Amino acid sequence: MNNIKKYFVFIFVLFILFLSYIPDLYEASVASLLPPDRTMIQGEHNYTYDYNVYLSKIRQGQEGRLSVVDKYDNHPQQKGIYLQMFYLLSGKISSIFNFTPTLTYHLLRIFASVFWIYTIIFLNIYFLKKISLINLGVTLSLLTASFPVFYRFQDQWWIGQHMNWWQELDILKRISFVPHDTLNYIFISVFSILLSQIDKNKKYFIFLCGLLFVSVFIQPSAAILFAISWILYNFIKYFWFKSLTNDLIAEKLKQTSIIFIAIFIPLLYIMFATNIYPWKSLLDFDKNNRLFFDIKDYILALGPIFFTGIAGGLMAIIKKKQELLGLVTWIIGVCIAIILFKFIPFQSELRFVQTANHIPLAILSVYFFNYLINKFKNTIITYGICIAIFFIIFLGLTQVYFSLRSQTQFINQRALATLPLVPFPPQVMYPLNDFYNGLKWFEQNSSRSSVVLSKITSGNYIPAYSGNFVYLGHGAETPHYNDRVYKADEFFSGNLEEKQALKFLKTENISYVFYGPQEKENNLKDIGIYSFLTPVYQSPLVTIYKVR
């Protein structure tokens, strides 16, 4: 029985991790369902446009770049920056083994997710100590689910979740989602542990500052959250014990200054880099496309564990449980950051939803349940807690089932879809053979510094699968996006005079024009009438022109 208790947690986390990859395995199994005119590009497990951005950064590393450029812009000579270097460096390493960007991305995803689930185990071991509590803590950490949302689909009842538009809250997707987001979870977890270790060994403080500096370049939310947690942690400790000497206060002020410098320097660099185009387009996009965020909906998305976790956090504060204080400040810090960044344009408050907040809530819930059972030793309370735990686990398993069912059904429908030829958004269908072969033609026959003009879908795929720069391709990384959409539509209408059309292409450094089904929509004339366009690739549905 002791062996079962000891190894249960490791077997359980691997089982849940395996379930999170079922949709990827299922996708490979339905390749035979595709219509003959379609190509299956596997692995688009998240939003197509963002996924292709990550692939484009990996490809840059494989091409030998030392810094990241924005390939969704038409300026090949732009100066590189040191953001999203995680993907560029992974591309450099994977080029040694001749891995494709797609394989590299998913290897990153696998390594990060394995590291993450074992970080969850370590967190529970660190904060809960006892095997029975650790097993329960890990189970709740992985099966924490939203309050159910019932809806009818295909004449059947389905169970969904609140905030289902934010994929990262899906009970399975969050286990093995975007690699840099998963790394962000790991950073936050390590920070919560180091909070209580810094006073024991000064080496931990040096290690912490180094991690903080690096984490800002991965995703700033982890370091910002830690800065808030650090202040809360020391304030609560002082409020509890009120025994700080002048020397200790001076030491804490010194440490606080160093921590803020470690965070502020990379933040200052990011602010500088994103203050000029093309990277300023990221801030423009965030400013002009702020997603509506309802705190109430987020609480419902966290599910019952939110209320039991908050109760555990309050109990830890009342009982002065310093060993749990890092988890408490994690949760309070998130609440403060969400409220604060509703009014600060630098960072969306939704980035603090991407901080694995269900983990500290789950661990604090276990502490709360254990406290009540040991405190009152009452059969009714014990049964009540068992019912609550059963409900949380049952709700989690139910949403695991419906998550798998909805993901696999979506893949199945995507594989069978035939119309329209090029959809918008693209993730509802696989691309045409002619479309994909056009991408491969660019990869094999054009310079990586050449700029391609197309509409949004083709433009999004080209940097990822061909490596070229594009005039238009990603809402957030394409500068002056709306203006470029208008100009591209105007060109593809075929209604510009020849001099106007040529001037537009030369002014925008465009070397090639990708002319597929989406580019042909709503055109008044075929652009093949322009004498300065020479066809270099032709298929039934796609023509690629070189600008003479």
Side-chain angles (χ1 to χ4, degrees), residues 43-46 49-73 76-116 118-119 176-191 206-224 262-263 265-274 278-279 282 351 354 443 448-449 460 462-469 473-474 476-477:
E44 291 183 11
H45 75 295
N46 64 312
Y49 290 135
D50 292 345
Y51 172 72
N52 285 338
V53 166
Y54 307 140
L55 295 188
S56 76
K57 304 302 187 292
I58 293 171
R59 183 176 286 275
Q60 288 182 41
Q62 294 179 338
E63 292 169 358
R65 288 190 176 273
L66 299 177
S67 58
V68 174
V69 294
D70 182 3
K71 291 222 167 183
Y72 294 93
D73 185 34
Q77 304 306 319
Q78 64 184 261
K79 186 178 179 181
I81 62 171
Y82 299 102
L83 301 183
Q84 301 175 335
M85 290 292 290
F86 170 64
Y87 292 108
L88 183 137
L89 292 173
S90 67
K92 282 189 171 298
I93 295 170
S94 67
S95 65
I96 300 171
F97 307 98
N98 293 320
F99 291 161
T100 64
T102 300
L103 177 59
T104 303
Y105 176 88
H106 287 285
L107 286 174
L108 287 175
R109 184 180 162 215
I110 291 168
F111 291 146
S113 60
V114 170
F115 195 6
W116 170 228
Y118 283 105
T119 300
S176 55
F177 203 50
V178 181
H180 71 270
D181 285 343
T182 306
L183 279 183
N184 198 49
Y185 301 161
I186 296 168
F187 276 122
I188 294 167
S189 303
V190 173
F191 293 156
I206 298 170
F207 179 59
L208 168 69
C209 291
L211 280 184
L212 283 170
F213 186 88
V214 172
S215 73
V216 176
F217 288 98
I218 302 294
Q219 195 183 110
S221 59
I224 294 171
I263 297 172
I265 290 174
L267 279 179
L268 193 64
Y269 174 78
I270 293 173
M271 292 173 68
F272 172 77
T274 56
W279 298 105
L282 294 171
R351 295 302 171 200
Q354 297 175 298
E443 183 182 40
R448 297 289 77 83
S449 61
N460 184 256
I462 288 169
Y465 291 90
S466 309
N468 304 85
F469 288 81
H474 187 266
E477 293 205 6

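Just so it is clear, the structure is predicted and the values come from calculations on it, not from any experiment.
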Where the side chain of [X] meets the backbone of [Y], is there a donor-acceptor pair that is under 3.5 Å apart?
X: N460; Y: G473; result: yes
X: Q62; Y: F99; result: yes
X: Q78; Y: V69; result: no
X: R448; Y: E443; result: yes
X: Y82; Y: S67; result: no

(request) Carefully, step by step, assess N52 and Y72 under the rule side chain to side chain contact (heavy atoms under 4.5 Å, CB included). (result) CA-CA 11 Å; N52 285 338; Y72 294 93; 3.9 Å; yes
Side-chain contact, heavy-atom cut-off 4.5 Å: [X] with [Y]?
X: I270; Y: W279; answer: no
X: S94; Y: L107; answer: no
X: Y54; Y: P179; answer: no
X: V216; Y: L212; answer: no
X: D73; Y: F469; answer: no
X: S221; Y: N184; answer: yes

I need the [X] [atom1] to [Y] [atom2] distance, nearest 0.5 Å.
X: M85; Y: K57; atom1: CE; atom2: NZ; value: 12.0 Å
X: I224; Y: S215; atom1: CD1; atom2: OG; value: 9.5 Å
X: L88; Y: E63; atom1: CG; atom2: CD; value: 9.5 Å
X: N98; Y: L103; atom1: CG; atom2: CG; value: 11.0 Å
X: Q84; Y: Q60; atom1: CD; atom2: CD; value: 9.0 Å
X: T104; Y: I93; atom1: OG1; atom2: CD1; value: 9.5 Å

(message) Tell me if the aromatic rings of Y105 and H45 count as close, with their centers under 6.0 Å from one another.
(response)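 Aromatic pair counts; centres sit under 6.0 Å.
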(message) With side chain to side chain contact (heavy atoms under 4.5 Å, CB included) as the criterion, how do D50 and H474 come out once you've worked through the C-alpha distance, each side chain's angles and the decisive distance to 0.1 Å?
(response) CA-CA 8 Å; D50 292 345; H474 187 266; 2.9 Å; yes
(message) For the CZ atom on F217, are there more than 12 heavy atoms of other groups (residues, nucleotides or ligands in this structure) within a distance under 6.0 Å?
(response)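 Yes - once you tally the heavy atoms of other residues, nucleotides and ligands closer than 6.0 Å, there are more than 12.
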(request) Tell me, please, which residues at least two apart from S189 pass side-chain contact (heavy atoms from CB on, under 4.5 Å). (result) W116, T119, L123, W330
(message) Holding to side-chain contact (heavy atoms from CB on, under 4.5 Å), I want the full list of residues that pass it with I265, two or more places apart in sequence or in another chain.
(response)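 Scan of I265 (side-chain contact (heavy atoms from CB on, under 4.5 Å), adjacent residues dropped) gives F213, I261.
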Where is the tightest heavy-atom contact between [X] and [Y], given as atom of each residue plus distance?
X: R59; Y: Y465; answer: NH2-O, 3.3 Å
X: P101; Y: L55; answer: O-CD2, 3.5 Å
X: T182; Y: A112; answer: CG2-O, 3.4 Å
X: A262; Y: P266; answer: O-CD, 3.1 Å
X: S113; Y: S176; answer: CB-CB, 3.6 Å
X: V68; Y: L83; answer: CG2-O, 3.1 Å

(request) Identify the residue among F187, F86, Y87 that makes a ring pair (Phe, Tyr, Trp, His ring centres under 6.0 Å) with H180. (result)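 So the option named by the test is Y87.
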(message) By the salt bridge (Lys or Arg N to Asp or Glu O under 4.0 Å) test, which pairs, at least two apart or in different chains, include something from residues 76-100?
(response) none
(request) Give a yes-or-no answer on whether the side chains of R351 and Q354 include a donor-acceptor pair shorter than 3.5 Å. (result) yes
